[in-house]
Amino acid sequence: MERQNISSTDFTFMGLFNREETSSLLFVIISVIFFTALVANGIMIFLINTDPRLHTPMYFLLSHLSFIDMMYISTIVPKMLIDYLLGQRTISFVGCTAQHFLYLTLVGAEFFLLGLMAYDRYVAICNPLRYPVLMSRRICWMIIAGSWFGGSLDGFLLTPITMSFPFCGSREINHFFCEAPAVLKLACADTALYETVMYVCCVLMLLIPFSVVIASYARILTTVYNMSSVEGRKKAFATCSSHMTVVTLFYGAAMYTYMVPHTYHAPTQDKVFSVFYTILTPMLNPLIYSLRNKDVTGALRRTLGRFKNSHRVSEGAF
């Protein structure tokens with residue numbers, strides 16, 4: 001039952017659970033994806049911080065990618081699941097503003113971090129002798145700080161303007177979270193100019209890091225092609241393929257949402273693509289990096305081995 005004492009400033013989500021015949025199944029699937037994403041990213045962070053062999057710039061950046069994934073899936077999914085269990089679909093104006101800001105900040109930070117991670121692979125393959133200098137600890141922290149600054153700048157710029165429009169009539173958001181395009185459809189003022197500015201801003205946020213990715217991998221492919229060692233080629237492709245897979249999945253869905261003109265959008269399609277890069281991608285990222293990476297799987301085996309040995313020692317003591 002929907003609660004009756006809804007404030008006049010509250011919004012209502014149409015959400016994903018609006019079909020009785022599929023709502024329970026969707027709830028179970030999204031719950032599994034959410035907990036898998038938290039566990040998988042948590043394991044990645046733990047392994048990278050505890051295994052000395054993973055104390056490299058690439059894995060340092062990867063641990064922060066996992067942290068961002070955990071944060072931004074947690075800004076959306078828990079509310080969806082709790083609302084389903086409580087039989088409600090509302091969110092307060094303050095809650096919607098906070099969700100909108102956190103989402104923009106975290107996704108923006110991931111956009112920039114993925115782009116700069118391509119630079120790390122470029123340096124590792126094209127300038128291996130200078131890698132310790134070009135990817136020092138200081139540079140890594142600058143990359144992290146730059147990613148967070150870019151994401152938070154997007155959140156601080158767009159959120160106040162988006163939420164300052166007057167919302168009259170229906171306050172029902174045809175989405176499962178407070179994403180800007182869905183919220184702006186409820187505004188009873190002319191938002192054309194702002195939507196154009198937001199479009200340009202989002203295009204730049206996507207194209208700048210994506211251009212870094214393209215430029216980096218163009219140089220990487222040229223270097224790999226000129227390698228005489230077959231083993232060196234395989235190792236180079238192995239270290240880059242995981243990152244390219246993640247970039248393709250994340251940027252592809254985001255580009256549809258923010259770069260395809262809204263006249264070509266349909267609410268159902270928007271939800272599907274939003275599910276892909278806000279819910280599925282945080283789960284897929286650590287799985288892609290772990291399943292396709294011998295260093296990570298080796299670290300996991302060593303950690304499990306140490307756990308088994310300590311367990312045997314504790315049993316022997318009794």
Side-chain angles (χ1 to χ4, degrees), residues 1-4 6 10-44 65-66 68-93 95-104 106-107 110 170-186 245-246 248-258 260 262 264-288 290-291:
M1 290 290 292
E2 186 80 19
R3 64 188 178 90
Q4 299 300 315
I6 297 175
D10 286 351
F11 295 101
T12 302
F13 293 127
M14 291 184 69
L16 295 175
F17 307 123
N18 50 6
R19 290 188 177 182
E20 291 295 331
E21 62 272 17
T22 60
S23 59
S24 297
L25 178 61
L26 273 175
F27 174 80
V28 172
I29 292 173
I30 292 175
S31 298
V32 170
I33 291 172
F34 174 64
F35 287 110
T36 302
L38 291 185
V39 171
N41 282 292
I43 289 173
M44 285 292 291
L65 178 67
S66 291
I68 291 173
D69 281 338
M70 292 177 72
M71 290 285 289
Y72 93 73
I73 195 174
S74 297
T75 66
I76 297 169
V77 175
K79 166 110 180 114
M80 290 172 55
L81 300 180
I82 292 172
D83 282 355
Y84 177 79
L85 293 175
L86 297 179
Q88 64 183 31
R89 297 181 297 151
T90 59
I91 186 170
S92 66
F93 179 85
C96 188
T97 303
Q99 189 182 67
H100 185 271
F101 170 75
L102 290 172
Y103 162 76
L104 283 179
L106 293 164
V107 172
E110 182 148 341
S170 172
R171 299 177 72 89
E172 193 171 70
I173 301 173
N174 193 3
H175 215 311
F176 57 90
F177 73 104
C178 290
E179 193 170 27
V183 174
L184 286 175
K185 289 179 181 178
L186 305 182
T245 303
V246 170
T248 302
L249 293 173
F250 190 72
Y251 279 74
M255 282 180 177
Y256 166 83
T257 302
Y258 290 102
V260 175
H262 294 306
Y264 296 96
H265 284 225
T268 302
Q269 290 176 327
D270 287 346
K271 290 180 187 179
V272 170
F273 277 92
S274 294
V275 164
F276 195 83
Y277 77 90
T278 61
I279 299 176
L280 283 177
T281 305
M283 178 193 71
L284 293 175
N285 284 355
L287 297 180
I288 290 170
S290 61
L291 294 175

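Between the CG atom of N41 and the CG atom of N285 there is a distance of 7.0 Å, given to the nearest 0.5 Å. Interatomic distance, NZ of K185 versus NE2 of H175, reported as 8.0 Å (0.5 Å rounding). Taken to the nearest 0.5 Å, the CG atom of L16 stands 6.5 Å off from the NZ atom of K271. From L38, atom CG reaches atom CE of M283 across 12.0 Å, with rounding to the nearest 0.5 Å. S92 OG to Q99 CD: the interatomic distance, rounded to the nearest 0.5 Å, is 10.0 Å. In this structure, CD1 on I29 lies 7.0 Å from CD1 on I33, to the nearest 0.5 angstrom.
When side chains are defined from C-beta on, S24 counts as touching Y84, because their heavy atoms get closer than 4.5 Å. Side-chain contact between L186 and I173 is present, with heavy atoms from C-beta onward closer than 4.5 Å. No side-chain heavy atom of D10 sits less than 4.5 Å from a side-chain heavy atom of R171. At a threshold of 4.5 Å between non-hydrogen side-chain atoms, the residues C96 and F177 do not count as touching. You'll find the side chain of L81 reaches within 4.5 Å of the side chain of S31, heavy atoms only. Taking the side chain as every heavy atom from C-beta outward, C178 and Y103 never approach each other to under 4.5 Å. The closest side-chain heavy-atom distance from D69 to E110 is below 4.5 Å. In this structure, the side chains of E179 and H100 stay at 4.5 Å or more apart for every pair of heavy atoms.
With sequence neighbours left out, the salt bridge (Lys or Arg N to Asp or Glu O under 4.0 Å) criterion links K79 to D83.
Between P286 and P282, the closest heavy-atom pair is CD-O, 3.2 Å.
Only one option out of I76, V77, I73, L106 pairs with T278 in a side-chain contact (heavy atoms from CB on, under 4.5 Å); it is I76.
For the pair E172 (side chain) and M14 (backbone), a donor-acceptor distance under 3.5 Å is absent. The closest donor-acceptor contact from the side chain of T281 to the backbone of F276 lies under 3.5 Å.
In this structure, F13 has its ring center at least 6.0 angstrom away from the ring center of F176.
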